[in-house]
Number of protein chains: 2
Amino acid sequence: MARSGTGGSKAATLNDVARMAGVSLATASKAINGRDQVAPATRQRVIEAAEQLSFTPNSLARSLIAGRTGTVGLLTSDLEGRFVIPILMGAEDAFGAGQINVFLCDARGDTIREQHHLKALLNRRVDGIIVVGRQTDPRPSLGQGLPVPVVYAYAPSDDPSDVSVTPDNVAGGRLAVEHLLSTGRRRIAHITGDPEYAAAQDRTIGVRAALAEAGLDLVGDVMMSSWSEHWGRAAAGMLLDQHPDVDGIVAGSDQIARGVIDTLRDLGKRVPEDVAVIGYDNWEVLALNSRPELTSIDANLQQLGRTAAMRIFDAIDDGEPDPGVHHLPVRLVIRGSTIERR
Amino acid sequence: MARSGTGGSKAATLNDVARMAGVSLATASKAINGRDQVAPATRQRVIEAAEQLSFTPNSLARSLIAGRTGTVGLLTSDLEGRFVIPILMGAEDAFGAGQINVFLCDARGDTIREQHHLKALLNRRVDGIIVVGRQTDPRPSLGQGLPVPVVYAYAPSDDPSDVSVTPDNVAGGRLAVEHLLSTGRRRIAHITGDPEYAAAQDRTIGVRAALAEAGLDLVGDVMMSSWSEHWGRAAAGMLLDQHPDVDGIVAGSDQIARGVIDTLRDLGKRVPEDVAVIGYDNWEVLALNSRPELTSIDANLQQLGRTAAMRIFDAIDDGEPDPGVHHLPVRLVIRGSTIERR
DNA sequence: CTGTTAGCGCCTTCAA
DNA sequence: TTGAAGGCGCTAACAG
């Protein structure tokens, strides 16, 4: 009786199928793989035998011959970070469509473990590797000598001869300000997260640039501290204290935006009538449950994952790397925190 | 010049190493794998040659011989769901420690795609499969005939002869009530999510049981609707309207709890002095940014992932399935929403 | 159309 | 202590 787990007899091999169908190994192979040098009747017999034995071709053997495994490694530094998940999804999706399977490796921010995983991936002869970082700050390159193409996603490599894809945070900052301007705001402030993050710096650059182009200045200084709701609340309090006439706030993250909105309500300011607030990340759990719902910048991370996958595809086939850091477009998602409901 | 991507000459094979070291293939193999029938000097020479050529043993060839690949499949129905991620992390971690690599497959809730991925995993000769669902409701079994052990995590299989691990939601409900009771609350209400979810039902059972044991009744009916902050706000409004004397609320999720707390503040109720609120999931982004921070039930999902991995390990080695649904313990995390800060 | 032969890269007897 | 030979499961030339 075939118990589930370690079920009795081993998996059927092509040899078994051939014998059962009364043909040679080679013929069975051709029949199964749809080669056209085989009589219809024979093919039919082989296929039936295969079904009978519930034959499954052994990918290992195939890969050994082909020199390609149809697998790629997804090397992440931190699965916990919520930015890597959509990227993973996008990549897995793109590869899945191309009959490629994905090895998931989480280095947990540890270089040793990363090296260890890298080695394992190479032993397994993956056809390519995507390295997904948790921040947009550049990270150390895995090096140039690797036998397979590598693409860095989200966190670009610090070596310009590597291929990297990362969201365009400067454009995101611009987009946020341009949107606020388009709703008639003129006294705009910027509250954002940890200044150690490139994301904070880049978005700020975009914010400043867009304001400058409109001939405006930021209201107060950029307020930078942490990516939390707590900071959003505190900063908004200080801001309104010093500049009660502010009419638009660009928050560096949706969490900060939530905090900002909380404080504004506490202070009796209406959003968006008195002050418009725009977040960043379009993290739906936060954005959709906010009162009012949060306008935000979406970094298209799933798309970014797909793009990384495509670049690996190309590198595997053509071998045309196109090195450098590629900044991918971001997207404005408009909700009630910047535009009044009618 | 060895360009990064599809770098020049192919990877070195054991044959190359043997030739360079001036020994036979067999001897090289023994030397590299630490077999003891080889002279120290010879071994040294082989190892040096291997390093020179940066030789990497081809896992495919090894697996072909060994009949085990040292890989497992992680078949998830929905990567987006935030519950699968910690489970993934736990499993990946446990396997990583055992030199096993993980194939990640996201079926996106589609049965066809799931079958497709399953087939691919079997072709690749994974040694085992973990199926991770996004809800705790039972899901269809993959079937009994599979040639490798399967463990279902979070969403148990509907076939009791399969092995499943899932959090103990009934115990979670109990735990929440017992905690509120221990802080002196007696008029306890329960606001939870979608009644279609087993999670909502099971937690409610636990809540009722714990109250009954204390000789108490729930204040009002269980309020079930959706897992959102919006619902938490609305429900709390209705509840306080009908039962202004309530002094403890068990929320079915942290999101609901956040909504509840929001409304309580709007109504001028102090948390936890007037009303204690406990959430569920211990989703830190929400729990830690709440005012006050949220007491919650943590389902130990990472541990659950590890457990699933362990069971696969065991099944691969021993072949002792121990079928049935195993309910894993949950954990209370106490914060400011149920206990006053001193 | 079908079968025979030679590997893919590696490990493991078994002789020498 | 070393090497030659067989085979893991499959495919891709070749002959028949």
Side-chain angles (χ1 to χ4, degrees), chain A residues 9-47 49-50 53-71 99 120 122-127 147-148, chain B residues 9-47 49-50 53-71 119-120 122-127 147-148:
Chain A
S9 48
K10 295 202 165 185
T13 135
L14 189 57
N15 223 322
D16 303 335
V17 176
R19 204 176 318 144
M20 179 173 229
V23 296
S24 80
L25 193 63
T27 308
S29 172
K30 289 169 196 161
I32 295 230
N33 294 327
R35 296 261 168 287
D36 51 357
Q37 312 125 325
V38 50
T42 315
R43 161 162 300 148
Q44 192 54 34
R45 247 185 317 141
V46 172
I47 290 180
L53 298 167
S54 65
F55 165 77
T56 331
N58 187 328
S59 302
L60 298 174
R62 280 188 172 168
S63 303
L64 196 54
I65 296 171
R68 291 152 117 272
T69 54
T71 62
Q99 313 286 356
L122 294 178
N123 285 347
R124 294 203 186 278
R125 296 297 190 267
V126 293
D127 295 332
V148 294
Chain B
S9 49
K10 294 202 166 185
T13 135
L14 188 56
N15 223 325
D16 303 334
V17 176
R19 203 175 320 143
M20 178 173 231
V23 296
S24 81
L25 193 66
T27 308
S29 171
K30 291 169 193 160
I32 295 229
N33 294 326
R35 295 263 167 285
D36 51 359
Q37 315 125 323
V38 51
T42 316
R43 160 161 300 146
Q44 193 54 34
R45 244 183 321 136
V46 172
I47 290 180
L53 299 168
S54 65
F55 165 77
T56 331
N58 187 327
S59 301
L60 297 173
R62 280 189 169 168
S63 302
L64 196 54
I65 297 171
R68 289 152 119 272
T69 53
T71 61
K119 204 166 180 178
L122 294 178
N123 286 347
R124 294 204 186 278
R125 295 301 190 263
V126 294
D127 295 332
V148 295

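These numbers were taken from a predicted model, which means no experiment stands behind them. To find a chain, count down the sequence lines: A is the first, B the second, and so on, and within it residues start at 1.
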Of all residues at least two apart in sequence or in a different chain, which pass the side-chain hydrogen bond (donor to acceptor under 3.5 Å, both in side chains) check with [X]?
X	result
A/R124	B/N101
A/T13	none
B/R125	none
B/R68	B/D317

Would you say B/S24 places a side-chain N or O within less than 4.0 Å of OP1 or OP2 belonging to D/dG3? yes
Interatomic distance where [atom1] belongs to [X] and [atom2] belongs to [N] [whole Å]:
X	N	atom1	atom2	result
B/R43	D/dG3	CZ	P	14 Å
A/L14	D/dC8	CG	C1'	13 Å
A/N15	D/dG7	CG	C1'	12 Å
A/R19	D/dG9	CZ	C1'	13 Å
B/R125	D/dC8	CZ	C1'	12 Å
A/N58	D/dT11	CG	C1'	13 Å
B/L60	D/dC10	CG	C1'	13 Å

Which residues satisfy the salt bridge (Lys or Arg N to Asp or Glu O under 4.0 Å) test with A/R35, sequence neighbours excluded?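 Result, salt bridge (Lys or Arg N to Asp or Glu O under 4.0 Å) vs A/R35: none returned.
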Sequence neighbours excluded, which residues qualify as salt bridge (Lys or Arg N to Asp or Glu O under 4.0 Å) partners of B/D127? none
Using five base pairs at each end, measure the axis-to-axis angle across the helix from C/dC1-D/dG16 to C/dA16-D/dT1 and round it to 10 degrees.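 Terminal axis comparison yields 50°.
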Any side-chain to backbone donor/acceptor pair from A/S59 onto B/N123? Under 3.5 Å, distance only. yes
In chain order, what residues pass the side-chain contact (heavy atoms from CB on, under 4.5 Å) check against B/I47, with sequence neighbours excluded?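 Listed in chain order: B/R43, B/E51.
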Enumerate the salt bridge (Lys or Arg N to Asp or Glu O under 4.0 Å) contacts for residues 56-67 of chain B, please, sequence neighbours excluded, ordered by first and then second residue.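 Salt bridge (Lys or Arg N to Asp or Glu O under 4.0 Å) check on residues 56-67 of chain B returns no pairs.
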For residues 23-32 of chain A, tabulate all N or O donor-acceptor pairs below 3.5 Å that involve a side-chain atom, not counting sequence neighbours.
unit_1, atom_1, unit_2, atom_2, d
A/S24, OG, A/A26, N, 3.4
A/S24, OG, A/T27, N, 3.3
A/S24, OG, A/T27, OG1, 3.1

Distances for protein N/O vs nucleotides 12-16 of chain D N/O pairs under 3.5 angstrom?
unit_1, atom_1, unit_2, atom_2, d
D/dA12, OP2, A/R35, NH2, 3.4

For A/S63, report the nucleic acid contact type (base, sugar-phosphate, nothing); a contact means any heavy atom under 4.0 Å.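 Counting heavy atoms under 4.0 Å across all strands, no contact is made by A/S63.
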Using the heavy-atom set of chain B and a strict 4.0 Å cut-off, write down the first and last nucleotide of DNA chain C that makes it in, 5' to 3'.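 The footprint of chain B covers C/dG9 to C/dT12.
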Mind listing the closest non-hydrogen atom pair of B/A50 and B/V17 along with its distance? N-CG1, 3.8 Å
Out of D/dT2, D/dC8, D/dC10, whichever nucleotide has its closest atom nearest the side chain of B/A39: D/dT2
